[in-house]
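Remarks on the structure that follows.
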Amino acid sequence: MNNNAQFLKNIWYLSAWETELGDGSLARTIADVPLLFLRTDDGVSALLDRCPHRFAPLSCGQVKTDHVVCGYHGLAFGADGKCVSNPHGPIVSALQVPTFPAVLRHAAVWVWLGDREAADPALIPDMHFIDRAGPAARVEGHLENEAHYMLMVENIMDLSHADYLHATTLGNGINTIAKTKVEVGERSITVRWSADDHVLPPVQDAVMPRPGQPAFFRNDVEWSAPGAMVQTMIFGPADQPEQIVGDSVTAHVMTPMSATRTHYFFCHTSNLVSAQPEMVPQIREILLGAFAGEDSPMLAAQQTRIGSADFWDLGPVLLPSDVAAVRVRRRMDQLLAAERGDSVEQPA
Amino acid sequence: MNNNAQFLKNIWYLSAWETELGDGSLARTIADVPLLFLRTDDGVSALLDRCPHRFAPLSCGQVKTDHVVCGYHGLAFGADGKCVSNPHGPIVSALQVPTFPAVLRHAAVWVWLGDREAADPALIPDMHFIDRAGPAARVEGHLENEAHYMLMVENIMDLSHADYLHATTLGNGINTIAKTKVEVGERSITVRWSADDHVLPPVQDAVMPRPGQPAFFRNDVEWSAPGAMVQTMIFGPADQPEQIVGDSVTAHVMTPMSATRTHYFFCHTSNLVSAQPEMVPQIREILLGAFAGEDSPMLAAQQTRIGSADFWDLGPVLLPSDVAAVRVRRRMDQLLAAERGDSVEQPA
Amino acid sequence: MNNNAQFLKNIWYLSAWETELGDGSLARTIADVPLLFLRTDDGVSALLDRCPHRFAPLSCGQVKTDHVVCGYHGLAFGADGKCVSNPHGPIVSALQVPTFPAVLRHAAVWVWLGDREAADPALIPDMHFIDRAGPAARVEGHLENEAHYMLMVENIMDLSHADYLHATTLGNGINTIAKTKVEVGERSITVRWSADDHVLPPVQDAVMPRPGQPAFFRNDVEWSAPGAMVQTMIFGPADQPEQIVGDSVTAHVMTPMSATRTHYFFCHTSNLVSAQPEMVPQIREILLGAFAGEDSPMLAAQQTRIGSADFWDLGPVLLPSDVAAVRVRRRMDQLLAAERGDSVEQPA
């Protein structure tokens, strides 16, 4: 796949956390489409953020209950995109803002940019763990990264990077040494790391009853197109496999903003945070230190070196640890080709 | 018309206020041409701001009386573009800077980028109101906007925007409610708004004998290609149509710098300012609040949404209030096509 | 020659002063190639600054003795580019970073981007004056300029610019008035300025026994492709030609970073600095005042006016003082054409 803008249309994009939208509105560009999200009585609405009259962004106007007034000439549009007020003349049928299917689910706003008929909310990746945790026990955030979303996805599908890039917090060699298994499903690809007798990374080790002692460790990431990943981690003392000390689920969702910029949405939950919600700020700081402080500059630098070249054309030397990332990239190549109508041979 | 650089050549461009030039020089890019304006004994001269030797900007050198010395290798050129000193050898005829017809008129510098023979100063739009007001009673300014000049022109040709974008100063609904009439002349297009019994916008209402009372209101804008607009406004109490309280004339001149940047020159005069020139700073503040504080970001946002697309290709939904703006845009399309030598059908 | 990236490959590029590299490493882009220079026991190594795995810059990792560890996934590469550690699997032969011939010479790092077999260090321009002066008596520096390297080269090949651009320090008309002679060698082009009875520029005049008196003056610049220039200056009282007051040698080396950015490496030595090494900071300040304070903005402005146009297409009006610069530009055109395999006619 090439770094040029090639985005799936018939797919749900996580576009915001519900807390970002609040009771009002939020302007955000998803896959090169400028959108205005409006909170409605029964959910959320996604409008093209562009007045049909003279193309001013509606987000430069005023958002009222269930409608938005363009700040340039006062045209008002409802959450369904239909004009509700035209101070300059009759409301002709052309006075309408394109809208996109949008739903609130799992404390997030999801949008569908493709064929409206196909926008089935059942296709949204399952992230019920977010609902179960509840608002007080979530560590959620939104970052903007200067890298193609596929680089951001591959970063999570190969967590061995944590052993080097996050060596003081989330990695200590365990992801590299762990056994790796990849499962390819019809709509998901899952990678499972497991180790039975290894000291944990600093952040996990610190919550163990006896830090510095070997542990068992299960770390799974399940990907759904285009960039939704759910990471499940379980660990405890190596000699007491029945004692689960840590049990966390974290969403890492990469949504393209443009060909070289990516929204990174994360939401971390765990048994520890549920028990002690006062830990949220401290864990947020650890995660931001890793995601914003370490991943973000490294992936921006990686993007700079790739430039506008096609990833495959550069001849990457792939390692065993890349197996899940490569599966995902090839799946995305197929999905994009299918949307374009190319005939693609399925690999064996 | 497309946002790509398409500029008329055989036309006068307002390029600076005379006060900006002063007794010296001014470097400014007009329609992608970098120019150096030099004050001369009998007026102004416009040189290509590029030394013919090694292409350093002459504006990086020293301006002396009636000539400029290139700061890189010391070549000197007169206001007529001819080399007057070459420290490195003979003054060959090729040592010459291209010049463009330029005149001072209406307290402004005007330049002509096309066929020299056709540069008739009589083609400069009539702005004698500027001369009549005199320097002390003018509120003049120059802004740079991040928008195509046609968007800037259309902003003035449809002043109904003031009711929404400048609702605390220059608009209160009156421009929207006013009767509109458009007159198409051979070299100008005029739009006239009139209302006979409506409260005035805040800025005008404040100078009425009895604020908050209905007024009569005449507001005309006359456009000349490519971006010179003269706005004449008259108002007074609705019940005393013989009592003219306010009588102002304002120039709004949009000169392209490049395909997406525009010089905005304004000059406001009125009976009130003539009577009380000490009001100039206060009125300048009001106008800058509207033009720089409100128009400029809105039009830059509009430009961002349009990007490099052709305005018509985006399918704008035009309103009755757009009639003058559309007339102007079509006239510009014709003038540009005519300069390119395209055959164009005149609309009926 | 056109401003687009057209760089010689089979040539030595001065890429850093040895003091910039120190005992560690240095990342720098040369002719659009991102390089990582590593100090080794016996010299220096130049690696492509891009991990062959997923293209992260190696310079974002950790440099150890004689090897570098990629900061993203922990792959380690020796100074010869070969993988020395792969935590994720076997070291396959493809796990290798491209390297480029690099040598330390004349207190500088030199790299060769072309055919490895042809990389003969004997082709490095002779700058033994740097070694003779020794570290304490050198005034060396590195600047980055926003101009094509050929503009930077021509700036030095025509030092008459100093009389105008550096009129308060390095020029006073003497370079303009001096006799000029150009010698075209097989691998170099030399320009010689000489004057026998002229007051020196301010900086040189200040060290004369009797400032303000006429002097003899010899100022030579020898160019080697693509951008290495050695300037030798000798001066003393006009009436005592045997008394050499000043005797300096200065390297001005222009190395392309990209099509519009240039590394400027300078190294000044002289009998005066050798006798009084405490003068180094003061002389550095004078040179930076001229090179960074005056040349850099002027050449960036020149580049802006040229834009992406071909220099010849703009029709420069050449002066007698351009003779050496033009010889160099034509030689470069020939060398570039020869590398591309074009057939080029030699001028008579």
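On a predicted model such as this, the values are computed, not experimentally measured, just so you know. Computation of the quantities below employed the complete heavy-atom set of this structure, encompassing side-chain atoms and omitting hydrogens, waters and symmetry-equivalent molecules. Lettering follows sequence order; numbering is per chain, from 1.
In terms of heavy-atom pairs under 4.5 Å with chain B, the best-connected choice from A/Cys60, A/Gly89, A/Pro87 is A/Pro87. Here B/Leu314 is the residue among B/Thr176, B/Asn155, B/Leu314, B/Leu165 with the most heavy-atom pairs under 4.5 Å with chain A. Between chain A and the options B/Asp158, B/Thr180, B/Asp163, B/Ile177, heavy-atom pairs under 4.5 Å are most frequent for B/Asp158.
Taking CZ of A/Arg54 as the start and CG of B/Leu319 as the end, the distance is 8.5 Å to the nearest 0.5 Å. In this structure, B/Asn175 CG and A/His88 NE2 are separated by 10.0 Å, a value rounded to the nearest 0.5 Å.
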Kindly determine whether A/His73 and B/Ser321 satisfy side-chain contact (heavy atoms from CB on, under 4.5 Å), including the steps that lead there. CA-CA 10 Å; A/His73 295 97; B/Ser321 48; 5.7 Å; no
Is there a side-chain contact (heavy atoms from CB on, under 4.5 Å) between B/Leu299 and A/Tyr72 once you walk through the steps? CA-CA 9 Å; B/Leu299 274 80; A/Tyr72 197 9; 3.7 Å; yes
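The local environment of CD in A/Glu144 is crowded, with over 12 non-hydrogen atoms from other residues, nucleotides or ligands closer than 6.0 Å. The local environment of CG in A/Asp23 is sparse, with at most 12 non-hydrogen atoms from other residues, nucleotides or ligands closer than 6.0 Å.
With a 4.5 Å cut-off on non-hydrogen atoms, B/Asp295 does not touch chain A at all. Of the two parts of A/Asp49, the backbone and the side chain both hold a non-hydrogen atom closer than 4.5 Å to a non-hydrogen atom of chain B.
A/His53 and B/Asp322 share a donor-acceptor pair across their side chains, judged by distance under 3.5 Å alone.
Taking all atoms of both residues into account, the shortest heavy-atom contact from A/Phe55 to B/Arg305 is O-CB, 3.2 Å. Counting all heavy atoms, side chain and backbone alike, B/Met298 lies closest to A/Ala56 at SD-CB, 3.9 Å.
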